[in-house]
Amino acid sequence: MKKLFAFTVACLILVMGSTHELRANSVTVGDLVISNVWARSTPTNVKTAAVYLTITNNGQHMDRVSGARTTMAGKAMIHQSKMVDGVMKMEHAQHAMIKAGGKLEMAPGGMHVMLMKLTGQLREGMVFPLILMFENSGDVELQVTVKKTGS
Amino acid sequence: MVRRFILTGFIVFASFMSYKAWTIYQFNQMPSQQRADILTSIPIEGVFSLTDHNARSVSMKTYFGRHTLIFFGYTWCPDVCPTVLSDIAVVMDNLGQQSKQLVPILITVDPERDTVSVLQDYVSNFHPDIVGLTGSLDEIAKTAKSFRVRYGKMYLDPDEPDDYSMSHSVTLFLMGPDGKPLRTFRHNEGADELTKELRAVFDGT
């Protein structure tokens, strides 16, 4: 009986722990789930950084990210790193679309939220707020986790 | 006679030009990656005479006896450069003892911002073995030309000229212990693949 009780408690802790983990890593707004929001820590003198994240659209309608803002930076823009004949260029994307039932991944080497004029250094372990502006879902506040430089 | 000569000359010239136009057209029809591969397959000279992040004058000769993995980038680069340098840091750790045979080098394409002290701080954030190189605008231009690397300033906002970013070739160049180019890698090869390929080079397989 004691064993069964201990087992149930252990299971409960596991289940609660995992849902807590899920909640901590993702934000749900209507049909949108925004997860894995992170940035790389920045060297001392660098004033630019990139925020990466994943947006899943479980709804019937598309939505678009039209901009971003954060207290950590003077300016935040949606950027796309694009390779043209072996030369990497960064382009300002007016918006980023998440199709109905689709997924938008902002990952290294592609689309990212570019932060300019950082107000401070991004250090490993730090968490800072970022507001994504959606055309349909409105403004959504996210917490960006800063990972170590070698991520 | 003269007219015939001019006419022949014209026909030869016209055929040559149409052939050129045709090859350019063909090249432009290729997918971007294929074009990039062709551009990077042309042999490079790969020489430099620059200043390292410890303010020492260095050239390719400085690193003779070891392989070098050369990448062009800049410290204000928020996405691709830190991704590549992070990969290189992982590769160095993966290589263990073999990492002693390799010097990873970042050559800045933005010497105006990337002074010796800026580079020193920057590269040490990724891995203690990564070398950062800078120089005058002219020295950097010469070096880039020698590696067939293209780069340029891009203004994101005309009202804020200080907020420029750089476009640049992102090929990784592996040079042998004699300073001669061995092969290139794509920037998005990933740390594991790079480790594997470099091990094969060091093991001579």
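Here is the naming used below: chain letters follow the sequence lines, and residue numbers restart at 1 for every chain. Computed from a predicted structure; not experimentally measured.
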Practice problem: Would you please test E160(B) and K75(A) for side chain to side chain contact (heavy atoms under 4.5 Å, CB included) and show each step? | Solution: CA-CA 11 Å; E160(B) 309 211 30; K75(A) 206 188 253 180; 3.6 Å; yes
Practice problem: Considering non-hydrogen atoms only, spot the tightest contact between Y52(A) and P78(B) and give its length. | Solution: OH-O, 3.9 Å
Exercise. Give, for atom NE2 of H79(A) and atom OG of S165(B), the distance between the pair rounded to the nearest 0.5 Å.
Key: 7.5 Å
Self-check item: Side chain / backbone / both / neither for M90(A) at chain B, heavy atoms under 4.5 Å
Solution: both
Quiz prompt | H92(A) atom NE2, neighbour heavy-atom count above 12 within 6.0 Å | solution = yes
Quiz item: Do other residues, nucleotides or ligands put more than 12 heavy atoms under 6.0 Å from R123(A) CZ?
Solution: no
Quiz item: By a 4.5 Å heavy-atom criterion (distance strictly below it), what part of M88(A) contacts chain B: side chain, backbone, both, or neither?
Solution: both
Quiz item: With only heavy atoms counted, which part of H112(A) is less than 4.5 Å from chain B, the side chain, the backbone, both or neither?
Solution: side chain
Quiz prompt | Positive for side-chain contact (heavy atoms from CB on, under 4.5 Å) with P43(A), one of V118(B), L119(B), N125(B), V123(B) | solution = N125(B)
Self-check item: Audit row: M83(A), H187(B), side chain to side chain contact (heavy atoms under 4.5 Å, CB included) steps and yes/no
Solution: CA-CA 11 Å; M83(A) 182 100 127; H187(B) 73 284; 4.1 Å; yes
Self-check item: Check: D79(B) side chain, G109(A) main-chain N or O, donor-acceptor pair, under 3.5 Å
Solution: yes
Quiz item: Where on T75(B) is there a heavy atom nearer than 4.5 Å to chain A: the side chain, the backbone, both, or neither?
Solution: both
Quiz prompt | side chain to side chain contact (heavy atoms under 4.5 Å, CB included) evaluation trace for S86(B) with R40(A) | solution = CA-CA 10 Å; S86(B) 296; R40(A) 208 178 266 120; 3.5 Å; yes
Quiz item: Under a 4.5 Å cut-off applied to non-hydrogen side-chain atoms, are Y122(B) and V46(A) in contact?
Solution: yes
Quiz item: Okay, side chain of T48(A), backbone of W76(B): is any donor-acceptor separation there less than 3.5 Å?
Solution: yes
Quiz item: Is the shortest side-chain N to carboxylate O distance from D163(B) to K117(A) below 4.0 Å?
Solution: yes
Exercise. Decide if atom NZ of K103(A) counts as having more than 12 heavy atoms of other residues, nucleotides or ligands within a radius under 6.0 Å.
Key: no
